[in-house]
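These notes concern the structure reproduced below.
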Amino acid sequence: MKDSSAPAPAHAAPGAGHETVLVLDFGSQYTQLIARRVREQHVYCRILPCDAPLESIRALAPRAIILSGGPASVWAGGSPRCDGGVFELGVPLLGLCYGMQLLCGEMGGSVAPATHREFGRAALHVDRADGLLDGLPESTDVWMSHGDRVESLPPDFEVVAHTDSAPYAAVRHVSSPIYGLQFHPEVAHTPRGRDILHNFLFHVAGLSGDWVMSTWVEEAVANIREQVGDAHVACGLSGGVDSAVVAELVHRAIGDRLTCIFVDNGLLRAGEAAMVEETFTGHFGPGLVVARAGDRFLDKLAGVTEPERKRKIIGHEFIAVFRSEVTHVDGLRFLAQGTLYPDVIESVSAFGGPSATIKTHHNVGGLPAELGFDLVEPLRDLFKDEVREIGAELGLPEAITWRHPFPGPGLAIRCLGEVTRERLDVLRQADVILLEEVDAAGLTRALWQCFCVILPVKTVGVMGDERTYESVCAIRAVTSEDAMTADWAQLPDGLLRRISNRIINEVRGINRVVLDISSKPPATIEWE
């Protein structure tokens, strides 16, 4: 795994030439959300661990720095710190929650456990509605999540807002562009949070908001061309928006020196293999290779029920099939893949910082080690919604840009228990019905993911006055912004009724439909 805390090379981070805001991560569950909120304002933003070397921070020439929240106590031994030189860079600073407490403590104030901890909504009373809080009403709701608070302000600081329990809920330096907020403006539970961040970026830091997708595309293509030179590139094409955008960017950069390899592993949704082949054959022509390997994968999965074994078998076979196909490509030196920013954050604990590792992603670091190629990862600094925007900018079909995320192991991890051709067929039929009804209800774009899961249990039913003993189908539908967290979607009762009736009546092998109402966390989006 490459060191993501170091400044990325120019070819890996289109946008680095623009105004840059850095978020220093002190372990907050909202760190990636802060970066998203900044980018929504058309300002390029990167996350670094809180202990990033000062020279690495300087090298990125940040126009502003945000200190994230975190679960630790500033006054506790071993609590995370940043280099003290951060406070002397002369750039606008915004500390959030723990970041505010650290900022105040480092600049001469004091922090202690709060008499009354605040978790949840609180009424913020604005004392000075200028600068950071410009345009806010006298009172507005904010989201608190802290057990400590600032007890005394550093020299030359003043209060700009308070709550009933936090007298220093928002503070600022009287002459320098340094602010601290005890609450979280980045979360949806702070209704005017976007306005506050907008004020920091444009009123306090004086940024112009020059980072737009059309410019990003031009830079990405130029960077790929520079990185690859006259070599050939292979890209694993799945038909999802990430790999499709990567393939289109690389194709624009190097033309027919790109070979796209689509591995049909027999674990795809109904009609998916044909859709991918039909969509991309005309575009990439002979540069698209289709490896039909369904029998190979299913034979290897026979009798396997343990989820991690499934994943490892599928990953191993994919590498073997991919390796076999790329041996026919002359001059191949690079592998292009659709690694996204949340993949990196989850896999490396927010770049080695204090955030907790959630899970390891199959497309962060593993495949290149097996194949021995250098990486082309143009999307490594982007979130999913940004990739969709780029897909639209590139003119990709809406069916691709708005396709719901699909796991690398495919239906194998939605077919709980043993994976067989018969069970996959049943699952595919149910999934088609679910997606048809959701699309007809106009909810496809509103959902992050929506799919069926077939369970390894059977239940008794009655159909046509006869006893049945068939499988259970679970419906999983979630809303999310980037899959780091997700809420179960409250689908309309009438829609759920139609889905259930159709699946039970039309899919032979299912006699019961249940609804998954778990959020992430504590559950994950996929069942395995």
Side-chain angles (χ1 to χ4, degrees), residues 21 23-24 26 28 30 34 37 50 64-70 72-75 79 81-82 84 86-118 121-187 190 192-206:
V21 170
V23 177
L24 298 187
F26 291 89
S28 171
Y30 303 130
I34 300 170
R37 294 291 179 251
C50 59
I65 295 175
I66 299 176
L67 311 179
S68 84
S73 294
V74 169
W75 47 267
S79 58
R81 292 283 196 274
C82 60
V86 167
F87 304 103
E88 301 173 0
L89 290 175
V91 301
L93 291 176
L94 175 61
L96 305 180
C97 198
Y98 179 93
M100 171 196 175
Q101 296 164 9
L102 177 68
L103 184 154
C104 289
E106 289 288 326
M107 300 189 77
S110 63
V111 179
T115 305
H116 300 287
R117 298 186 301 171
E118 286 187 296
R121 295 185 189 276
L124 182 76
H125 306 294
V126 177
D127 301 305
R128 296 180 62 93
D130 58 356
L132 192 65
L133 304 184
D134 185 34
L136 265 66
E138 292 183 0
S139 181
T140 183
D141 285 345
V142 296
W143 187 257
M144 292 285 195
S145 180
H146 67 99
D148 299 336
R149 72 175 189 179
V150 174
E151 289 292 313
S152 63
L153 291 180
D156 298 322
F157 270 73
E158 64 182 0
V159 178
V160 293
H162 68 278
T163 70
D164 292 341
S165 297
Y168 305 130
V171 302
R172 73 173 186 181
H173 192 279
V174 295
S175 59
S176 299
I178 302 175
Y179 287 81
L181 299 176
Q182 186 57 77
F183 57 91
H184 291 276
E186 69 273 21
V187 302
T190 301
R192 300 298 295 271
R194 283 179 169 86
D195 296 332
I196 295 172
L197 290 174
H198 180 276
N199 286 342
F200 176 70
L201 297 172
F202 298 103
H203 295 182
V204 176

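Using a 4.5 Å heavy-atom cutoff, the side chains of Phe183 and Ile196 are in contact. Looking at heavy atoms from C-beta onward, Gln182 lies in side-chain contact with Met144 at the 4.5 angstrom threshold. Tyr168 places a side-chain heavy atom less than 4.5 Å from the side chain of Met100. Between Arg81 and Val74, the closest side-chain pair of non-hydrogen atoms falls below 4.5 Å. Contact check for Tyr98 versus Ser79: side-chain heavy atoms found under the 4.5 Å cut-off. Counting heavy atoms from C-beta on, the side chains of Ile65 and Val21 never come closer than 4.5 Å. Annotation: side chain of Phe26 is in contact with side chain of Cys82 (closest heavy-atom distance under 4.5 Å).
A search for side chain to side chain donor-acceptor pair (under 3.5 Å) contacts involving His162 returns Asp127, not counting sequence neighbours. Every residue two or more places apart in sequence or in another chain was checked for a ring-ring contact (aromatic ring centres under 6.0 Å, His included) with Tyr179, and none qualifies. For Phe87, there are no ring-ring contact (aromatic ring centres under 6.0 Å, His included) partners two or more places apart in sequence or in a different chain. Pro92 meets the side-chain contact (heavy atoms from CB on, under 4.5 Å) test with Ala64, Pro177, Phe200, Val204, Ala205; sequence neighbours excluded. Judged as a side-chain contact (heavy atoms from CB on, under 4.5 Å), and not counting sequence neighbours, the contacts of Pro137 are Thr140, Arg192.
Side chain of Asn199 to backbone of Asp134: a donor-acceptor contact under 3.5 angstrom is found. Between the side chain of Ser139 and the main chain of His125, no donor-acceptor pair closer than 3.5 Å is present. Judged purely by atom type and a 3.5 angstrom limit, Thr163 has no side-chain atom pairing as donor or acceptor with the backbone of Ala122. Proximity of a side-chain donor or acceptor of His184 to a complementary backbone N or O of Glu186 within less than 3.5 Å is not detected. Formation of a donor-acceptor pair under 3.5 Å by the Ser110 side chain with backbone atoms of Ser152 is found in this model.
Between the CZ atom of Arg37 and the CG atom of Leu201 there is a distance of 12.5 Å, given to the nearest 0.5 Å. Distance check: Gln101 CD to Glu106 CD gives 12.5 Å after rounding to the nearest 0.5 Å. Distance check: Leu102 CG to Ser68 OG gives 10.0 Å after rounding to the nearest 0.5 Å.
A perpendicular orientation is assigned to the rings of His198 and His203, their planes being inclined by more than 60° (bins at 30° and 60°).
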Output side-chain donor-acceptor pairs under 3.5 Å for residues 153-160, partner residues at least two apart or in another chain, one line each.
| from | atom 1 | to | atom 2 | distance (Å) |
| --- | --- | --- | --- | --- |
| Glu158 | OE2 | Arg172 | NE | 2.7 |
| Glu158 | OE2 | Arg172 | NH2 | 2.9 |

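Leu136 and Ala129 get closest at one heavy-atom pair: O-CB, 4.3 Å.
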Can you list the steps and then say if Leu103 with Ile178 is a side-chain contact (heavy atoms from CB on, under 4.5 Å)? CA-CA 9 Å; Leu103 184 154; Ile178 302 175; 3.6 Å; yes
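When each of Leu94, Leu181, Ile34 is checked for a side-chain contact (heavy atoms from CB on, under 4.5 Å) with Leu197, only Leu94 meets the rule. Checked options Ile66, Val23, Leu67; the residue passing with Leu96 is Ile66 (criterion: side-chain contact (heavy atoms from CB on, under 4.5 Å)).
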